[in-house]
Trainee: 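Take a look at the following structure, please.
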There are 2 protein chains.
Amino acid sequence: MAKAARMSVWLEDTDGAVEPRPRASRGRRAEQPSGLDRERITRATVKLLDAEGLAKFSMRRLAGELGVTAMSVYWYVDTKDDLLELALDQAFGELEIPDTDAEELPDWQTQLRELAATYRELLVRHPWISPLVGNFLNVGPKSLLFSRAVQRVIARTGLTLAQQRGAVSSVFQFVYGYGTIEGHFRQRCAEVGLTQDEYFHKAMAAFSVPEEMADDFSHAERMMEAVEEGGDVDAMRDMDFQVALDLQIAGIETLVSQRR
Amino acid sequence: MAKAARMSVWLEDTDGAVEPRPRASRGRRAEQPSGLDRERITRATVKLLDAEGLAKFSMRRLAGELGVTAMSVYWYVDTKDDLLELALDQAFGELEIPDTDAEELPDWQTQLRELAATYRELLVRHPWISPLVGNFLNVGPKSLLFSRAVQRVIARTGLTLAQQRGAVSSVFQFVYGYGTIEGHFRQRCAEVGLTQDEYFHKAMAAFSVPEEMADDFSHAERMMEAVEEGGDVDAMRDMDFQVALDLQIAGIETLVSQRR
DNA sequence: ACCTGAACACCGTTCAAGT
DNA sequence: ACCTGAACACCGTTCAAGT
């Protein structure tokens with residue numbers, strides 16, 4: 001029998017009543033010794049994650065940034081994982097959620113593209129988000145706001161409920177994967193001190209192709225020739241992203257028309 | 001100027017000649033003191049990652065498993081990251097690569113489904129793969145074999161080269177995202193000691209819905225009612241995965257037909 | 001109520017030393 | 001050529017103690 005680990009910061013114990021966590025600063029006293037509270041800690045966490053990445057983030061490092069002892073943070077937060085979950089949801093707050101309630105709405109295709117674009121940008125802007133999304137349940141309030149918007153837009157396609165689940169997965173797991181790789185690639189380039197194009201060419205040139213696959217490697221090279229010929233990596237990635245969305249939207253339309 | 005970090009185990013320095021790493025056991029002497037070599041170390045690494053997950057893996061833990069001092073491993077491998085890259089490519093060797101060269105081939109739709117299925121299963125079987133895919137360049141030999149097979153199949157769709165890149169991203173970034181979440185969910189359930197269905201229901205019940213989104217939450221509930229009514233999580237996930245692939249294949253077919 | 005310091009059980013990696 | 005031991009600079013977290 002495994003020791004029951006907590007499922008999420010956002011999920012209180014269901015065995016008893018749902019009581020609010022006592023540690024949040026509720027303004028009971030105006031001035032706290034160090035001015036610390038969950039808000040401030042979470043903001044500092046996001047800032048540090050942006051600046052140095054998930055791998056280098058530590059509770060001690062964070063405490064240093066806050067001008068406080070490492071253990072002070074533990075008054076406001078149970079574990080490092082809880083803090084990361086808070087930071088994750090805070091970042092999800094940057095997503096631009098389109099209005100899905102107005103009288104006169106753009107078609108679902110347009111809104112789906114908007115949602116995909118804002119999610120992609122978030123993942124690229126904060127490369128540390130992607131491993132955390134994989135690691136936690138992601139049921140924070142900001143995250144839910146986004147999920148709801150996605151569901152509302154997909155509901156307008158005319159797919160059945162079961163198909164809607166598949167379509168949501170299709171589009172947003174794709175964006176997740178795409179943004180993950182893209183974000184990490186940019187981060188790596190920055191770390192190594194190369195531009196994306198330099199890094200790309202260096203990686204292409206650096207490894208020798210085994211003889212037995214020399215011929216289908218030429219095909220791969222043709223696929224990438226847009227970049228080889230001086231086109232830049234960013235432009236190619238935008239193109240590929242658009243093609244993928246076009247393709248998926250066309251696919252949804254086909255499923256819908258088959259239902260009629 | 002950043003200190004030049006190594007790009008990948010698979011990428012030797014290009015400044016000089018490409019010399020083979022001297023540390024691999026080349027059978028020069030039949031018997032080594034501890035019988036250690038890269039092969040054995042890599043296999044033990046995969047086994048340990050499967051058993052305890054990426055978070056608990058450490059060089060010291062691995063050395064213990066091999067009956068050796070932590071520092072012995074460093075004779076065969078430069079860093080922990082290099083070792084993880086080796087383990088990653090070894091796992092990619094489990095992918096079932098369909099024949100893409102035969103005279104009489106199944107249609108590309110079938111082969112694309114096969115490739116998607118084998119990749120999904122790999123990600124679910126080894127949940128530690130997903131964060132590593134996001135973290136390294138992924139240009140190991142086994143990984144390349146898979147990429148080539150994907151490119152060959154997509155090439156048979158009739159899409160332009162630029163569209164082919166988009167289609168590859170669309171399908172396999174989707175599978176990556178899907179397998180990531182699925183694999184991690186299973187891992188979490190095992191850690192907490194719940195079945196997937198128990199975990200699912202507990203998570204659904206555990207958090208209270210904010211009032212201002214109570215109405216669109218009912219829609220989310222209807223979307224999930226297949227599970228609520230005793231259907232199991234696994235079956236639902238298989239369905240959703242199939243719908244997503246159907247949708248993307250239909251989308252590719254549409255792009256192809258628009259080209260005519 | 002909030003914060004600190006010392007301590008525990010870990011990490012990855014370096015380096016000088018052994019055989 | 002291969003392996004060890006001690007050491008360095010880190011981790012997350014517990015716990016008793018301060019104010």
Side-chain angles (χ1 to χ4, degrees), chain A residues 3 5-6 9 20-41 44-45 48-49 52-87 132 135-136, chain B residues 3 5-6 9 19-41 44-45 48-49 52-87 128 132 135-136:
Chain A
K3 186 133 53 80
R6 106 117 102 265
V9 223
R21 319 197 89 228
R23 270 119 149 183
S25 99
R26 276 161 302 168
R28 187 215 282 264
R29 221 188 309 147
E31 198 106 359
Q32 268 162 3
S34 311
L36 234 50
D37 61 72
R38 270 202 178 193
E39 241 314 281
R40 207 158 94 75
I41 290 173
T45 301
L48 209 54
L49 286 166
E52 319 209 341
L54 186 56
K56 286 190 183 145
F57 177 82
S58 80
M59 297 299 271
R60 290 169 141 106
R61 184 85 184 66
L62 171 68
E65 211 71 22
L66 289 166
V68 103
T69 267
M71 292 306 96
S72 304
V73 180
Y74 281 93
W75 183 257
Y76 300 92
V77 138
D78 278 352
T79 64
K80 185 189 181 189
D81 274 4
D82 276 13
L83 179 53
L84 290 175
E85 241 180 311
L86 292 171
L132 299 185
N135 241 356
F136 300 118
Chain B
K3 185 132 56 79
R6 106 115 103 268
V9 222
E19 64 230 273
R21 320 196 87 228
R23 271 119 149 184
S25 99
R26 275 162 302 168
R28 187 215 281 265
R29 224 190 305 147
E31 198 106 359
Q32 267 161 6
S34 312
L36 234 52
D37 61 71
R38 269 200 180 194
E39 240 314 280
R40 207 158 93 76
I41 290 171
T45 301
L48 210 55
L49 286 167
E52 319 209 343
L54 185 55
K56 284 189 184 149
F57 177 81
S58 80
M59 297 298 272
R60 290 169 142 105
R61 185 84 184 66
L62 170 68
E65 212 71 22
L66 289 165
V68 103
T69 266
M71 293 305 99
S72 305
V73 180
Y74 280 93
W75 182 259
Y76 300 92
V77 139
D78 278 351
T79 64
K80 185 189 182 189
D81 274 3
D82 276 13
L83 180 54
L84 291 175
E85 239 180 312
L86 292 170
W128 49 271
L132 298 185
N135 239 357
F136 300 118

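Below, chain A is the first sequence line, B the second, and so on; all start at residue 1. These numbers come from a predicted model, not from an experiment.
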Trainee: Give a yes/no on whether any side-chain N or O of B:Trp75 is located under 4.0 angstrom from OP1 or OP2 of D:dC3.
Mentor: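 No, outside the criterion.
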Trainee: When you compare C:dA9 with D:dA9, how far apart are their P atoms, in angstrom units rounded to a whole number?
Mentor: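 Per the computed distance, 22 Å lies between those P atoms.
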Trainee: In which stems does DNA chain C show up, taking only runs of three or more Watson-Crick or G-U wobble pairs whose two distances fall under 3.5 Å?
Mentor: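 Output for stems: C:4-8 with D:12-16, C:12-16 with D:4-8.
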Trainee: Rounded to whole angstrom units, what separation is found between the CG atom of A:Leu66 and the P atom of C:dC3?
Mentor: 11 Å
Trainee: So does A:Lys56 get a backbone contact from the side chain of A:Arg61, meaning a donor-acceptor N/O pair under 3.5 Å?
Mentor: no
Trainee: Does any part of the side chain of A:Leu84, heavy atoms only, come nearer than 4.5 Å to the side chain of A:Phe136, both counted from C-beta?
Mentor: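 The answer is yes, as the side chains (C-beta and beyond) meet within the 4.5 Å cut-off.
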Trainee: Would you tabulate the pairs of protein nitrogen or oxygen atoms and nucleotide nitrogen or oxygen atoms of nucleotides 10-14 of chain D closer than 3.5 angstrom?
Mentor:
| unit_1 | atom_1 | unit_2 | atom_2 | d |
| --- | --- | --- | --- | --- |
| D:dC11 | OP1 | A:Ser58 | OG | 3.2 |
| D:dG12 | OP1 | A:Met59 | N | 3.3 |
| D:dG12 | OP1 | A:Lys80 | NZ | 3.1 |
| D:dG12 | OP2 | A:Met59 | N | 3.1 |
| D:dG12 | N7 | A:Arg60 | NH1 | 2.3 |
| D:dG12 | O6 | A:Arg60 | NH1 | 3.3 |
| D:dG12 | O6 | A:Arg60 | NH2 | 3.2 |
| D:dT13 | OP2 | A:Tyr74 | OH | 2.6 |
| D:dT13 | OP2 | A:Lys80 | N | 2.9 |

Trainee: Kindly say whether A:Tyr76 contributes a backbone atom to a donor-acceptor pair with the side chain of A:Arg38 at under 3.5 angstrom?
Mentor: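 Yes, because the side chain of A:Arg38 sits within donor-acceptor range (under 3.5 Å) of the backbone of A:Tyr76.
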Trainee: Measuring from atom CG of A:Leu83 to atom CG of A:Leu62, what distance do you get when rounded to the nearest 0.5 angstrom?
Mentor: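 Output value for this atom pair is 6.0 Å.
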Trainee: Who pairs with A:Arg60 by side-chain contact (heavy atoms from CB on, under 4.5 Å), at least two apart in sequence or on another chain?
Mentor: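 Scan of A:Arg60 (side-chain contact (heavy atoms from CB on, under 4.5 Å), adjacent residues dropped) gives A:Ser58, A:Ala70.
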Trainee: For A:Leu36 and A:Ser72, work out which heavy atoms get closest and say how close.
Mentor: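 Looking at all heavy atoms of both residues, the closest pair is CD2-CB, 4.2 Å.
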Trainee: Answer yes or no: does a side-chain N or O of B:Thr69 lie under 4.0 Å from OP1 or OP2 of D:dT4?
Mentor: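 Affirmative; the distance criterion is met.
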Trainee: Measure the CG-OG1 distance between B:Leu86 and B:Thr45 for me, rounded to the nearest 0.5 Å.
Mentor: 8.0 Å
Trainee: Verify salt bridge (charged side-chain N to carboxylate O under 4.0 Å, His left out) between B:Arg6 and B:Asp81, making sure each step is shown before the conclusion.
Mentor: CA-CA 10 Å; B:Arg6 106 115 103 268; B:Asp81 274 3; over 6 Å; no
